[in-house]
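Reviewing the structure listed below.
Proteins get letters first, then strands, A, B, ... in listed order; numbering begins at 1 in each.
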Protein chains: 2
Amino acid sequence: MALSEPFIKNHDCADCPIRHRAVCARCETDELRELEEMKFYRTFEAGQTVIWSGDRMDFVASVVEGIATLSQTMEDGRTQMVGLLLPSDFVGRPGREIAAYDVIATTTLTMCCFRKKPFEEMMAHTPHIGQRLLEMTLDELDAAREWMLLLGRKTAREKIASLLAIIARRDASLKLATTRRKIVFDLPLTREAMADYLGLTLETVSRQISALKRDGVIVLEGKRHVTVPDFDRLLGETGDDADGGLPT
Amino acid sequence: MALSEPFIKNHDCADCPIRHRAVCARCETDELRELEEMKFYRTFEAGQTVIWSGDRMDFVASVVEGIATLSQTMEDGRTQMVGLLLPSDFVGRPGREIAAYDVIATTTLTMCCFRKKPFEEMMAHTPHIGQRLLEMTLDELDAAREWMLLLGRKTAREKIASLLAIIARRDASLKLATTRRKIVFDLPLTREAMADYLGLTLETVSRQISALKRDGVIVLEGKRHVTVPDFDRLLGETGDDADGGLPT
DNA sequence: CGCACCGTTGACGTTACTCAACTAGAGTGG
DNA sequence: CCACTCTAGTTGAGTAACGTCAACGGTGCG
């Protein structure tokens with residue numbers, strides 16, 4: 001395993017890109033100062049494993065930059081992604097010693113880490129953290145349930161369209177964008193990672209992407225660069241109702 | 001919709017069967033008294049809809065007795081169960097006005113309800129409730145992720161075996177049981193509900209149950225009464241590793 | 001009795017998986 | 001510069017698993 005940068009300068013919390021969305025979002029200045037003292041940054045290269053399921057995990061963390069995946073693997077190698085970790089998402093469960101999932105960096109990844117013990121102690125006397133974590137966990141639960149509908153009931157084509165819509169939406173919100181006109185983004189996942197996300201094989205993913213391309217729902221340049229000429233058309237392919245099926 | 005009993009006597013919290021597992025588990029005597037004053041019981045008959053997705057929801061609740069399901073339906077009628085609500089489980093999301101899922105009583109159902117506004121106000125000054133709710137939500141998230149693996153990667157046979165194992169385990173823990181010897185329980189779900197749980201059709205469910213019966217993994221009396229002569233054998237059919245695949 | 005509901009089973013169709021060959025780029029080294 | 005290799009991705013042919021459609025059995029109920 002490549003040695004990850006040992007010298008990483010911490011952001012100042014005030015400048016932190018995820019300051020108002022992460023687990024610390026509700027913290028006051030003094031609480032932030034307390035967190036600031038205990039935090040430490042870690043970075044991982046694309047493809048590196050952050051944690052193996054079953055490993056002892058002595059920290060919790062927020063994703064600051066980059067993308068990671070949360071996944072489960074069966075004995076015979078079948079794997080299912082169960083979470084996609086984007087900036088501001090939280091990793092680790094207070095009160096749990098042992099990681100339940102594999103966490104793998106998909107891109108270069110920077111995490112803002114806290115040793116578990118001190119973090120838990122701070123949680124005990126800082127309601128803002130627990131409140132925010134509850135809110136975030138409820139959101140994740142909603143996302144997981146949306147995902148369950150996808151896994152259990154959607155066709156391969158609908159699955160791909162849904163994934164593209166999710167990525168497109170996220171990218172759009174990130175670039176505070178022009179949701180109305182055509183959307184352009186790069187797929188952050190390999191075909192295999194998409195397959196693990198969607199409960200498909202990579203061949204099926206490839207075929208369905210080709211089909212969507214052939215049908216003009218998307219335009220591809222290279223393997224990863226996607227243009228969606230008509231977002232509503234894409235939404236129509238997801239199987240969800242008009243608004244995109246997000247829990248209301 | 002049949003009129004549900006208008007006169008339901010509330011349990012005394014002290015005698016409540018879910019006292020130490022529900023959202024109120026950590027509450028002190030005085031906090032409990034406050035809850036006691038605002039709570040009200042509602043019952044529903046088997047098959048009755050508790051809430052429709054999209055409805056305004058002005059209460060939150062704990063399941064006291066009985067079973068309910070949480071599910072999503074697509075426009076064309078495909079439906080996926082996304083939660084199975086057992087005694088002590090919590091229904092409703094603080095801070096959300098509109099229900100995101102259909103909640104349907106599977107058996108006769110008793111719920112301990114709180115109007116949302118007062119409950120939220122109480123949460124604000126009672127950390128014990130938020131703490132417990134966070135814990136419960138994290139557990140649900142783990143269960144949802146286990147379920148995602150099932151939906152995305154397991155075969156029909158493994159799905160059925162997994163569901164039977166889950167029900168068996170729950171029943172065993174409820175009857176503080178004899179997990180070692182043979183296990184007997186009644187399926188609380190119709191074949192159709194199982195299909196919605198597992199992302200299958202009811203015919204496939206029926207066929208796989210027949211196959212497990214034929215292979216001696218289970219013994220059926222009538223349609224619903226199940227005996228598992230060898231629980232380890234059943235676990236072997238789930239595709240999980242020996243311990244049953246629960247997050248550790 | 002007739003009906004509704006739940007469940008089973010069979011025949012057949014479709015979707016997505018498996019196995020395999022092949023292409024396109026990116027990097028490496030002579 | 002040209003092989004050579006590696007990885008990611010595409011595509012095709014054949015197949016297995018599950019879905020669809022349909023018939024039928026048992027049970028409970030008005």
Under the side-chain hydrogen bond (donor to acceptor under 3.5 Å, both in side chains) rule, collect the residues that match up with B:R56, sequence neighbours excluded.
B:E97
Between atom CG in A:D76 and atom C1' in C:dC17, what is the gap in whole Å?
14 Å
How many Å lie between CG on B:D196 and P on C:dC6, as a whole number?
12 Å
For the side chain of A:Q80 and the backbone of A:D196, is there at least one donor-acceptor N/O pair under 3.5 Å apart?
yes
Give the rounded distance in Å between these two atoms: CG of B:L187 and C1' of C:dG7.
12 Å
Between D:dA17 atom P and B:L198 atom CG, what is the distance in whole Å?
18 Å
Side chain to side chain contact (heavy atoms under 4.5 Å, CB included) between A:L70 and A:M81, intermediate numbers included
CA-CA 6 Å; A:L70 216 61; A:M81 202 187 294; 5.7 Å; no
I need the residues from residues 199-211 of chain B with at least one non-hydrogen atom less than 4.0 Å from DNA chain C; give them sorted by number, or say none.
B:L202, B:E203, B:S206, B:R207, B:S210
B:R191 (side chain) donor-acceptor with B:K223 (main chain) under 3.5 angstrom
yes
Which part of the nucleic acid, if any, lies within reach of B:R224 when heavy atoms closer than 4.0 Å are counted: base, sugar-phosphate only, or nothing?
sugar-phosphate
Quick check on side-chain contact (heavy atoms from CB on, under 4.5 Å): which of B:L85, B:D89, B:T106 does B:I67 satisfy it with?
B:T106
What one should report as the nearest heavy-atom pair of B:R224 and B:T190 is NH2-CG2, 3.3 Å
Roughly how many Å is it from CG in B:L220 to P in C:dG7, rounded to a whole number?
11 Å
Could you check whether any side-chain N or O of A:S62 sits under 3.5 Å from a backbone N or O of A:A22, counting only pairs where one atom can act as donor and the other as acceptor?
no
Residue-level proximity of residues 148-156 of chain A to DNA chain C when a heavy atom falls under 4.0 Å:
A:T155, A:A156
What does the inter-axis angle of the helix from C:dC1-D:dG30 to C:dG30-D:dC1 come out as, five pairs per end, nearest 10 degrees?
20°
With sequence neighbours left out, write down each residue that passes salt bridge (charged side-chain N to carboxylate O under 4.0 Å, His left out) with A:K154, or none if nothing qualifies.
A:D240
Could you state the atom-to-atom distance from CE of B:M194 to P of C:dT8 in whole Å?
8 Å
Intermediate values then yes/no, side chain to side chain contact (heavy atoms under 4.5 Å, CB included), A:Y101 and B:D142:
CA-CA 10 Å; A:Y101 311 101; B:D142 277 334; 2.8 Å; yes
Nearest-angstrom distance from the residue atom NZ of B:K223 to C1' of D:dG28
14 Å
Without placing hydrogens or testing angles, list every side-chain donor-acceptor pair under 3.5 Å for residues 202-211 of chain A, not counting sequence neighbours.
unit_1: A:T204; atom_1: OG1; unit_2: A:T201; atom_2: OG1; d: 3.0
unit_1: A:S210; atom_1: OG; unit_2: A:S206; atom_2: O; d: 3.0

If you compare every side-chain N and O of A:R191 against the phosphate oxygens of D:dT7 (OP1, OP2), does one of them come in below 4.0 Å?
no
May I ask you to check if B:R42 and B:F59 form a cation-pi contact, with NZ or CZ under 6.0 angstrom from the six-membered ring centre and within 45° of the axis?
yes
Taking CZ from B:R214 and P from C:dT9, how many angstroms apart are they, rounded to a whole number?
8 Å
What nucleic acid atoms does B:R78 come within less than 4.0 Å of, heavy atoms only: base, sugar-phosphate, or nothing?
nothing
